[in-house]
Amino acid sequence: MIEKVTTTVYRSSVKGRRYFSLYAAINAETKAIIFNKHPIEKPEYINGFLTYPGYCVEDDEPERYKKMFRRLRRIVAKSAMLNERNKS
């Protein structure tokens, strides 16, 4: 999932970006995985009136999001550490 590039930056495979620290890459990877599974829905308006407020798991269900983030971050971190050891 997270791979170390020769310029000593870490690349998030899901997000497709490079990060200077492993911690930042793990957090970005975790957040990208969650939002791929639970995408943000935009609010809908008809004639200027709100008909559907939209949905964002981070804002609408903060306790659930924190729990998902914590558990998934642990899994991604283990995977990144194993990947780091195998490349050395």
Nearest heavy-atom neighbours spanning [X] and [Y]:
X     : Y     : result
Gly16 : Arg11 : CA-NH2, 4.2 Å
Leu22 : Ala80 : CD1-CB, 4.1 Å
Arg18 : Val9  : CD-CG2, 3.7 Å
Ser21 : Tyr10 : C-CD1, 3.6 Å

Residues forming a salt bridge (charged side-chain N to carboxylate O under 4.0 Å, His left out) with Glu41, sequence neighbours excluded: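 Counting only residues at least two positions away or on another chain, Glu41 forms no salt bridge (charged side-chain N to carboxylate O under 4.0 Å, His left out).
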Set of residues satisfying salt bridge (charged side-chain N to carboxylate O under 4.0 Å, His left out) with respect to Arg74, sequence neighbours excluded: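 None.
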Spacing of CG belonging to Asn36 relative to NZ belonging to Lys31, to within rounding of 0.5 Å: 13.0 Å
Reported CZ-to-NZ distance for the pair Arg73 and Lys66, which is rounded to 0.5 angstrom: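 Those atoms lie 12.0 Å apart.
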From CA spacing to verdict: side chain to side chain contact (heavy atoms under 4.5 Å, CB included), Met68, Val57: CA-CA 10 Å; Met68 281 192 300; Val57 70; 3.7 Å; yes
Qualifying residues under side-chain hydrogen bond (donor to acceptor under 3.5 Å, both in side chains), relative to Arg17, sequence neighbours excluded: none
Residues that Ser12 engages under side-chain hydrogen bond (donor to acceptor under 3.5 Å, both in side chains), provided they are two or more places apart: Glu29
By side-chain contact (heavy atoms from CB on, under 4.5 Å) - contacts of Ala28 (at least two apart):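 With sequence neighbours excluded, Ala28 shows a side-chain contact (heavy atoms from CB on, under 4.5 Å) to Tyr19, given in chain and number order.
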Verify same cluster id: Ile40, Leu72 (apolar side-chain graph, 4.5 Å):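 As far as the 4.5 Å side-chain criterion goes, Leu72 and Ile40 are connected within one cluster.
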In one Ile/Leu/Val/Met/Phe/Trp/Tyr side-chain cluster, 4.5 Å: Val14, Met81: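 Yes; tracing contacts between hydrophobic side chains, which count when under 4.5 Å, links both residues.
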Ser79 side-chain N/O to Ile75 backbone N/O, donor-acceptor pair under 3.5 Å: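 Not confirmed, Ser79 side chain does not pair with Ile75 backbone.
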Pairs meeting criterion ring pair (Phe, Tyr, Trp, His ring centres under 6.0 Å) with involvement of residues 22-68, two or more places apart: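 Every ring pair (Phe, Tyr, Trp, His ring centres under 6.0 Å) pair that includes a residue of residues 22-68, provided the two are not neighbours, is Tyr65-Phe69.
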Side chains of Pro43 and Leu50 in contact at under 4.5 Å (non-hydrogen atoms): yes
